[in-house]
Amino acid sequence: MRIDKYLSGLGLGSRKDVKKMIKQGRVSVDGVTAAAPETAVDPDRSRVCVDGKETLYREFAYVMLNKPKGYVSATEDGRYPTVCDLAPAELAHMSLFPVGRLDVDTEGLCLLTNDGALAHRLLSPKKHVPKTYIAELSAPADEEDVKMFASGVKLDDGYVCKPAELEILENNSARVVIYEGKYHQVKRMFAAVGKRVTALKRVKIGGLALDESLAVGEARELTGDEIALLENFENETGDNINA
Ligand code: URA
């Protein structure tokens, strides 16, 4: 890889900016000052320093956002701000996108990445990745609803959902785990049993739980262990997408 591409890929500036840095003699590769923007580097092996400080190249970034209401799950939107506007500024050059969609009025765990393969695995209907939500309801859920969710709720368009877990919580709240991602699915599942969702928050994707110390609107990068947790989970049948 050319050194100018490597440096701009790190977010250190445009190609023009980094060419200037090279010309100024601020960049070294394995201890030797880089002479030209064409200088070749191996992102996995070369020791590239800028102003004497070692750089760390990486292709992918993984961000956990505690999504607030009022933000759309998209990279751009004409009307609303997007979840990508809340990503850490230093990752702005990494072309992050949200993995799946939360409604504009849904809060909670939103994953942003530029790793298309991981996003594909998490969203694939074949993988049955569990997504856990806390819903506040217009009326308390009951044991009949728990049975209906477990056997497969029929939505307004006739689609019969895959079995889902419903746990009744205090104060008209409920925890729901679904293994697919149809449009407005949780709201429509409750509508099918005669209840309206008045607030919705996603708290888990796969084995990764929302870090409750993140304030609403805050985002941070995932740790290596957390990235692994995304694809490391057990669902009710014991399936695991790594299996
Ligand atoms: N189900 C919904 O109804 N809305 C969401 O945002 C996510 C799941």
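Both ligands and their constituent atoms are indexed starting at 1 by order of listing. Position 1 is the first residue of the sequence; numbering continues from there. Note that the structure is predicted; figures quoted are calculated from it, not measured.
Across every non-hydrogen atom of Lys201 and Gly108, the tightest pair is CG-CA, 4.0 Å. In terms of heavy atoms, Leu96 sits closest to Ala87 at CD1-CB, 4.0 Å.
Sorted by first then second residue, the ring pair (Phe, Tyr, Trp, His ring centres under 6.0 Å) pairs that include residues 136-176, not counting sequence neighbours, are Phe149-Phe190.
Residue contacts with ligand 1: Arg101 is placed with no nitrogen or oxygen under 3.5 Å of a nitrogen or oxygen of the ligand (distance criterion only). Annotation: Val186 places an N or O atom under 3.5 Å from an N or O atom of ligand 1; distance criterion only.
Those atoms of ligand 1 that come under 4.0 Å of a heavy atom in Thr106, given as number and element, are 4 (N), 5 (C), 6 (O).
For the pair Asp105 and Lys187, the salt-bridge criterion is met [side-chain N within less than 4.0 Å of a carboxylate O].
Side-chain atoms of Thr132 never come within 3.5 Å of backbone atoms of Val203 as a donor-acceptor pair (strictly under, hydrogens ignored).
Under a 4.0 angstrom heavy-atom cut-off, Tyr133 registers as being in contact with ligand 1.
If you check which protein heavy atom lies closest to atom 4 (N) of ligand 1, you get Asp103 OD2, 2.7 Å.
Residue contacts with ligand 1, taken as heavy atom pairs separated by less than 4.0 Å, involve Leu200 solely via side-chain atoms from C-beta onward.
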